[in-house]
Protein chains: 2
Amino acid sequence: MARRATIADVAALANVSSATVSRALSGNYPVAESTRARIEAAVSELGYVANAQARALAGIPTRTVGIIIQEIVDSFYAFVARGVEQEAAASGRLCLVCCTHGDPRQELAFLDLLHEQRADAVILVGGSISDKRHAGEVMARGKSLRDTGSLLIHCGRATPSEDIAAVEYDNGGGAFAATDHLLTNGHRRILYLGGPKRFSTSVDRLEGYKRALASRGIEVDPELIQLGALGQRFGYERLKAVLAEGRLDFTAIFAANDNTAVGAYQALDEAGLRIPEDVSVVGYDDIPVAALLRPALTTVNIPLEEMGRRAVRLAVAHGNEYADAYSVSSHNVRLGTHLVLRDSVAPARKKRRQ
Amino acid sequence: MARRATIADVAALANVSSATVSRALSGNYPVAESTRARIEAAVSELGYVANAQARALAGIPTRTVGIIIQEIVDSFYAFVARGVEQEAAASGRLCLVCCTHGDPRQELAFLDLLHEQRADAVILVGGSISDKRHAGEVMARGKSLRDTGSLLIHCGRATPSEDIAAVEYDNGGGAFAATDHLLTNGHRRILYLGGPKRFSTSVDRLEGYKRALASRGIEVDPELIQLGALGQRFGYERLKAVLAEGRLDFTAIFAANDNTAVGAYQALDEAGLRIPEDVSVVGYDDIPVAALLRPALTTVNIPLEEMGRRAVRLAVAHGNEYADAYSVSSHNVRLGTHLVLRDSVAPARKKRRQ
DNA sequence: TCTCGCATAGCAAGCGCTTACATGATTTCG
DNA sequence: CGAAATCATGTAAGCGCTTGCTATGCGAGA
């Protein structure tokens with residue numbers, strides 16, 4: 001195996017000093033045209049490829065951003081990651097993508113690993129920072145990152161920490177709108193399906209649901225609130241159980257996210273219930289599957305890609321500020337959501353078919 | 001902003017040399033228990049976080065793997081990426097994920113960037129290596145990577161280059177099986193929908209289709225072969241056009257991948273054609289949407305995650321071999337595919353409803 | 001008691017790059 | 001025409017870490 005060519009090899013071949021090669025390659029300093037040409041020839045003759053590690057060690061930013069998500073095959077995260085990736089690529093940055101599969105310990109481990117990698121910024125999507133039991137540790141990492149010129153950006157909800165920037169989106173408002181839409185269609189008994197209790201995202205959505213009911217003077221029936229997890233599997237199993245028990249009557253379902261709604265569709269289908277004739281359904285997230293479902297799912301759109309892009313922009317801005325002068329301001333941005341009407345909601349009928 | 005603590009700071013505080021700190025932290029050399037304790041105390045007091053760049057520069061592998069895909073929000077790639085990410089994480093490696101959006105120039109740029117990053121290995125999924133016009137450039141990168149102790153691994157099809165490892169999967173066989181299934185159901189006029197001509201993947205699938213027809217002595221009607229692109233949009237638009245023209249008669253469709261089939265479903269739906277009563281459909285890839293479609297799509301399963309995992313394993317094996325002794329063997333692995341029967345195929349009827 | 005060997009730990013070189021500072025060659029202009 | 005400014009390039013220090021080699025202190029065997 002050939003020893004990898006270094007800048008010194010290029011310098012020797014081009015008959016200049018390594019400093020000149022560095023200058024020619026970075027373009028940060030003027031270099032005579034003839035010299036540059038010789039250097040370029042040497043580069044391609046030797047197949048020289050710069051060493052990013054050495055460069056980083058010499059004080060150049062790594063041009064790398066980390067992103068920590070739960071699952072890459074989950075459209076929600078994939079779209080955020082896509083926004084991050086696009087915006088990062090646009091500024092010549094590379095993305096380090098880490099998947100926690102929902103394990104907070106993994107999340108912390110990745111946070112450390114990304115710090116070791118000296119990522120310019122790390123973007124945490126829906127982190128366990130909104131989980132009381134882990135928030136402290138995450139925030140400590142955020143501070144550590146911040147103290148050393150990097151930045152932790154949380155996508156999902158602002159944190160109590162000054163050191164962590166945030167790109168928020170409106171959960172309460174979207175849930176209110178979705179529930180209100182159901183109410184407007186005459187539904188009074190709406191099953192709330194999914195969402196672990198300890199994530200703020202879930203808490204906010206549930207709060208929106210309750211607020212919508214309250215705004216019409218409808219009392220919340222705790223039995224109609226079926227918390228637990230998120231996702232197709234949970235949606236299917238829990239709704240199947242509820243249906244099997246047959247005790248609860250409801251004419252509509254508000255699924256805490258689209259994947260949960262997918263599960264609900266299955267359970268409804270198996271129970272011989274038609275959407276929306278027998279039961280109306282709304283979801284949350286507006287991932288592609290929502291439009292593919294039959295009937296197409298009415299759901300709340302979150303600008304996921306935009307969220308990712310904004311996060312990177314925050315990171316870049318932070319980097320620039322930091323270059324100009326020391327700055328501690330970490331801006332938050334807040335994104336709106338909107339209801340997307342499709343075919344899964346119909347006016348409530350008097351009595352659900354049994 | 002606090003200067004970042006270095007190993008020297010830790011050493012000073014713990015009253016040892018930096019060499020000892022390094023040894024204590026890496027665990028590669030014995031260090032007295034009492035010393036280790038002092039060092040650990042110093043580390044946490046200072047909030048020391050190792051610098052991966054410095055470590056890499058000193059000759060330690062970066063424990064980083066690059067993966068180049070087209071689209072992170074495309075389930076096909078997402079599942080491969082997931083396999084890569086899982087296997088990488090299992091061996092403590094981080095993933096640099098790059099999306100080309102189908103642009104071969106991007107692909108080359110990422111290949112260079114990942115080489116600069118000194119990724120232990122780079123995994124290219126369905127690269128333009130199977131595109132004659134770019135194969136040369138990609139192979140040059142593969143050789144360059146290989147020459148310097150790294151490895152380029154291609155997922156999709158073996159390459160003519162000795163320097164590039166491959167994790168292949170069977171396109172021809174799957175397409176044969178899918179087509180054969182349709183033939184067994186009595187279909188004789190099968191529309192082949194989608195796939196750019198210049199990718200080997202597409203070529204192989206089309207070849208499988210033709211081979212299946214040939215095996216039953218059926219002549220291939222070139223008009224039934226609708227090439228162009230892949231994806232929902234293409235599937236929808238092309239099929240809509242074909243249907244609008246109304247000249248072609250066929251009783252089944254073989255979509256070159258599932259996303260294309262999704263588009264076909266839409267077009268069929270809009271044309272008032274029922275699946276599978278009027279037209280049978282099969283897809284390829286077996287991404288989750290296939291099971292979600294109504295009727296659920298019969299398709300060819302590719303072990304996507306497994307592909308990603310295997311690629312990483314190849315990389316790790318290469319790294320180990322290389323550690324032991326110089327070795328030039330680059331193994332290829334080949335994965336099978338199988339037909340997944342669902343509800344989108346029915347026996348052919350005499351005449352398609354017009 | 002003396003020497004040898006082992007367990008620890010320190011010293012310092014070196015990984016490949018950037019850049020402040022120094023140097024020589026040209027040009028510019030009073 | 002000479003001093004000063006300008007430009008292109010070289011010199012070398014330093015980024016933070018690892019590790020080969022060396023030094024020290026100690027118990028053990030002779």
Side-chain angles (χ1 to χ4, degrees), chain A residues 1-40 42-43 46-64 113 115-118 148-150 323, chain B residues 1-40 42-43 46-64 113 115-118 148-150 323:
Chain A
M1 190 192 75
R3 191 177 66 85
R4 226 185 272 258
T6 72
I7 203 172
D9 301 325
V10 174
L13 186 57
N15 211 13
V16 292
S17 76
S18 65
T20 302
V21 175
S22 171
R23 290 192 266 251
L25 261 28
S26 74
N28 294 338
Y29 298 85
V31 165
E33 204 37 64
S34 61
T35 312
R36 177 184 304 281
R38 252 181 309 136
I39 290 174
E40 274 164 13
V43 164
L46 294 172
Y48 168 75
V49 178
N51 182 323
Q53 271 74 37
R55 191 175 279 168
L57 192 54
I60 304 295
T62 57
R63 301 193 77 71
T64 258
L113 237 30
H115 191 163
E116 285 191 6
Q117 291 293 333
R118 300 295 187 260
T148 51
S150 182
Chain B
M1 191 192 76
R3 190 177 67 83
R4 225 184 272 257
T6 71
I7 203 173
D9 300 324
V10 174
L13 186 57
N15 211 14
V16 294
S17 75
S18 64
T20 302
V21 175
S22 170
R23 291 193 264 251
L25 262 28
S26 73
N28 295 337
Y29 298 85
V31 165
E33 204 37 64
S34 62
T35 312
R36 176 185 304 281
R38 255 181 307 136
I39 289 173
E40 273 162 15
V43 164
L46 294 172
Y48 168 76
V49 178
N51 182 322
Q53 272 75 36
R55 191 175 279 168
L57 193 53
I60 304 294
T62 58
R63 301 193 75 73
T64 258
L113 237 30
H115 191 162
E116 284 192 7
Q117 292 292 333
R118 301 295 188 259
T148 52
S150 183

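Just so it is clear, the model here is predicted, and its values are computed rather than measured. Here is how names work: the chains are called A, B, and so on, in the same order as the sequence lines, proteins then strands, and each is numbered from 1.
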Comparing A:Val31 with A:Arg118, nearest DNA chain D nucleotide closer to 5' gives the residue A:Val31
Any base atoms under 4.0 Å from B:Ala50, or only sugar-phosphate, or nothing? Heavy atoms, all strands. sugar-phosphate
Donor-acceptor pair, A:Arg4 side chain versus B:Thr148 backbone, under 3.5 Å? yes
Hey, is the main chain of A:Ala14 close enough, under 3.5 Å, to the side chain of A:Arg38 for a donor-acceptor pair? yes
Test side-chain contact (heavy atoms from CB on, under 4.5 Å) on A:Tyr48 and A:Asp9 and set out the steps. CA-CA 9 Å; A:Tyr48 168 75; A:Asp9 301 325; over 6 Å; no
Under the side-chain contact (heavy atoms from CB on, under 4.5 Å) criterion, do B:Val49 and A:Arg118 qualify, and how do the steps go? CA-CA 9 Å; B:Val49 178; A:Arg118 300 295 187 260; 3.7 Å; yes
Need two values: the first and the last nucleotide of DNA chain D, 5' to 3', having an atom under 4.0 Å from any heavy-atom of chain B. D:dG16 to D:dG20
Just the rounded figure in Å: distance from P of C:dG10 to OH of B:Tyr29. 15 Å
Can you check whether B:Gln117's main-chain N or O pairs, donor with acceptor, with A:Gln53's side chain at less than 3.5 Å? yes
For the helix from C:dT1-D:dA30 to C:dG30-D:dC1, what is the angle between the axes at its two ends, each from 5 pairs, rounded to 10°? 50°
For A:Ser26 and A:Ser22, indicate whether the former's side chain and the latter's backbone hold a donor-acceptor pair under 3.5 Å. yes
Of all of residues 6-25 of chain B, which get a heavy atom below 4.0 angstrom from DNA chain D, listed by number? B:Thr6, B:Ile7, B:Ala19, B:Ser22, B:Arg23
Is any side-chain heavy atom of B:Leu113 closer than 4.5 Å to one of B:Glu116? yes
Atom CG of B:Leu57 to atom C1' of C:dA13: distance rounded to whole Å? 13 Å
A:Thr35 near the nucleic acid: base, sugar-phosphate alone, or nothing, with a heavy-atom cut-off under 4.0 Å? sugar-phosphate
How close or far is atom P of C:dG14 from atom CD1 of B:Ile60, stated in whole angstroms? 18 Å
